[in-house]
Amino acid sequence: MYSRAYKALISAPPLLWVGLFLLLPYALMFAHSFFLVRDGSLVHHWNLQNYRALFTNPLYLQVFLRTARIAASVTLSSLLLGYPLAYYLSFHAGPRKQILYQLVIVPLWVSYLVRGYAWKTILGSDGVLNGFLQYLHLTHEPVSFFLYSPFAVVLMLTHIYTPFVFLPVYAALEHIPRPLVEASQDLGANRRVTFLRVILPLSIPGLLAGATFAFVLSLGDFLAPLLVGGPSATMIANIVQSLFGAAYDWPLGAAISVCILLITVSLLFTTERLEKRWSFK
Amino acid sequence: MSAGAISPQSETPPHSALLEVRGIAKSFGRVEVLKNISLQIAPGEFLTLLGESGSGKTTLLRLIAGFEQPTCGEIWMSNERLDMLPPYKRRVNTVFQNYALFPHLNVRENVAYGLRVKSTPKTEIGGRVEHALSMVKMISFADARPATLSGGQQQRIALARALINRPRLLLLDEPLSALDANLRKQMQSELKALQREIGIAFLFVTHDQDEAMALSDRIALLRNGALEQIDSPREIYSRPATAYTAEFIGQTNLLRGEIKDGVARCGALEWKTSEAGGTALFSLRPEAIRVAATVPQLPDAVCFRGVIRVQIYSGASELLEIAYGDNQILRARIPATGPLTGEHEFVFSAADAVPVTDRPAASGSPAG
């Protein structure tokens with residue numbers, strides 16, 4: 001048995017870390033959301049004006065819905081790319097499995113910003129895509145809607161978050177005992193039925209984890225709209241960023257952050273429960 | 001495979017065979033796991049594939065189920081070529097070693113799986129599931145999840161899940177190996193009774209020779225991917241064709257000697273034989289050797305004097321190690337008699353010394 005002093009000593013640094021860098025900022029943010037800015041300075045006067053503004057000004061709801069729509073699109077397209085890839089690797093890649101796995105992982109080591117700028121050079125007016133289309137004489141002048149649109153944001157975020165969907169799905173598929181697949185075929189189910197009745201249900205925890213990653217991370221993203229999104233793809237995090245920056249309205253920014261935090265936490269809570277419901281040992 | 005290893009009375013006429021394996025070989029990369037296997041299973045037969053680990057018995061089962069493709073050879077069921085069909089089109093079902101029950105389905109759904117995927121009418125499924133579950137005495141567990149069941153219970157569900165599809169042949173891959181000894185014995189007799197009752201042919205894989213003896217109509221002994229001998233338990237025990245068979249199934253004494261002018265000579269022992277001359281190897285089961293004073297005159301009796309070196313008591317019988325002649329050792333199993341020491345006269349019948357071949361394992365790299 002360890003002494004109380006030893007336990008206290010060993011748990012102090014992490015607790016301190018969590019307190020200092022997690023709980024304290026949250027508390028400050030929460031407190032700020034009830035303050036006000038008047039004549040360019042912060043007024044420590046408790047009130048609900050920020051929240052009232054949030055729910056009455058349609059602009060915020062509009063941006064939030066756009067953000068949710070983009071995050072949902074990213075989640076869906078990451079799933080559509082990541083799940084089949086994980087399925088192929090786990091069940092049919094054979095000896096190529098390891099090398100393909102590494103190829104999926106490698107982009108994660110490249111900076112997010114670099115990947116963002118890469119998409120800019122691909123999608124821009126004088127970018128690779130437009131150059132190619134003009135070379136083929138499919139278009140005569142640069143197509144401008146590739147870049148600076150919600151589409152560009154979805155494309156870039158899908159590229160970035162597909163590995164985040166792939167990894168948990170792949171782990172879930174790898175954990176399915178192969179005799180179960182054989183048992184299903186033995187009992188008369190072909191590949192398709194085996195997938196629908198055995199593999200898919202048993203991979204749902206991984207699928208939920210991956211979808212949660214993609215959705216939550218996209219929901220809070222502000223760099224992709226900044227780099228490739230343009231004004232028509234402004235997301236809620238961009239609003240928060242400008243409120244904390246140029247607009248100098250920390251209380252309103254904090255109020256939005258609190259709302260996003262609540263949404264995210266309840267989402268995580270729900271998916272965790274769903275994952276538990278779908279895991280069998 | 002030499003024809004001599006298969007005794008003539010065990011061969012079923014081709015037209016009555018349910019399943020026929022013809023010249024099957026299987027290699028994984030450069031490792032040859034099965035070598036030219038041919039055998040037949042009769043309708044309603046309980047055939048056991050017996051062998052050490054790496055003998056290829058599970059691979060042969062998987063070839064018949066369709067989870068592996070043979071490198072060469074054919075598998076036929078009645079008049080249908082089986083080895084070209086995917087597993088889900090074969091009228092065989094498998095009971096897997098670790099049961100492979102679907103963890104996300106309850107017992108009822110597991111058992112119904114085969115009927116569901118074949119779009120059996122719902123009204124029919126319910127009754128057949130009930131029947132299958134009652135057959136394995138698991139009806140009260142219908143709503144349980146597999147993870148909450150014991151090994152023996154999961155075993156029964158796996159059996160019901162396979163049998164509900166009315167396969168023509170049931171494949172069982174060491175289904176009892178994960179159970180503890182008592183439960184294993186109980187499941188053995190239940191399995192045998194069930195097989196008799198439903199009359200479906202069973203192909204049963206095991207490495208346990210006692211289990212094979214207790215359950216089988218015939219035993220196919222595999223050795224390094226080749227068929228060593230296929231025969232009824234009584235035949236294979238009393239007439240082993242090779243030294244390997246004699247030593248693998250039960251215990252035996254192997255006597256090496258010479259046959260000349262109709263007399264076999266193994267060290268200090270000699271007896272009349274009709275075998276051809278030359279060097280020879282005989283298998284003599286321990287229970288064939290008796291203390292001469294305790295038995296009446298045997299036909300073709302071979303007598304010898306020996307000193308008891310070791311006596312091991314095991315309830316109904318005792319095992320003796322007897323030194324005779326030029327310090328050679330024979331093991332004898334005699335009915336329990338109480339402590340014995342010193343020199344005694346021993347006897348066995350010449351008919352019990354079975355000539356066996358000393359064939360080495362079939363050539364080629366042994367399967368891992």
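Proteins come first, then strands; the chains are lettered A, B, ... in the order of their sequence lines, and each starts at number 1.
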Take atom [atom1] of [X] as the centre, draw a 6.0 Å sphere, and report whether it contains more than 12 heavy atoms from other residues, nucleotides or ligands.
X	atom1	value
B:R166	CZ	no
A:R192	CZ	no
B:F28	CZ	yes
A:E272	CD	no
A:L113	CG	yes
A:F30	CZ	no

For the [atom1] atom of [X] and the [atom2] atom of [Y], what is their distance to the nearest 0.5 Å?
X	Y	atom1	atom2	value
A:Q185	B:R90	CD	CZ	10.5 Å
B:K118	A:L187	NZ	CG	7.0 Å
A:R197	B:Y113	CZ	OH	6.5 Å

Ordered numerically, the heavy-atom neighbours of chain B under 4.5 Å found in residues 201-216 of chain A are A:P201, A:L202
The interface call for B:I164 against chain A, heavy-atom contacts under 4.5 Å, is neither
(Q) Heavy-atom cut-off 4.5 Å, strictly under: side chain, backbone, both or neither for B:F96 against chain A? (A)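 When you check distances to chain A, only side chain atoms of B:F96 fall under 4.5 Å.
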Looking only at B:N93, B:V95, B:L105, most heavy-atom pairs under 4.5 Å shared with chain A are made by B:N93
Between [X] and [Y], which heavy-atom pair has the shortest distance, and what is it?
X	Y	answer
A:A183	B:R161	CB-NH2, 3.6 Å
B:A65	A:D186	CB-OD1, 4.3 Å
A:F280	B:R145	CE2-NH1, 3.9 Å
B:L101	A:L180	O-CD2, 3.2 Å

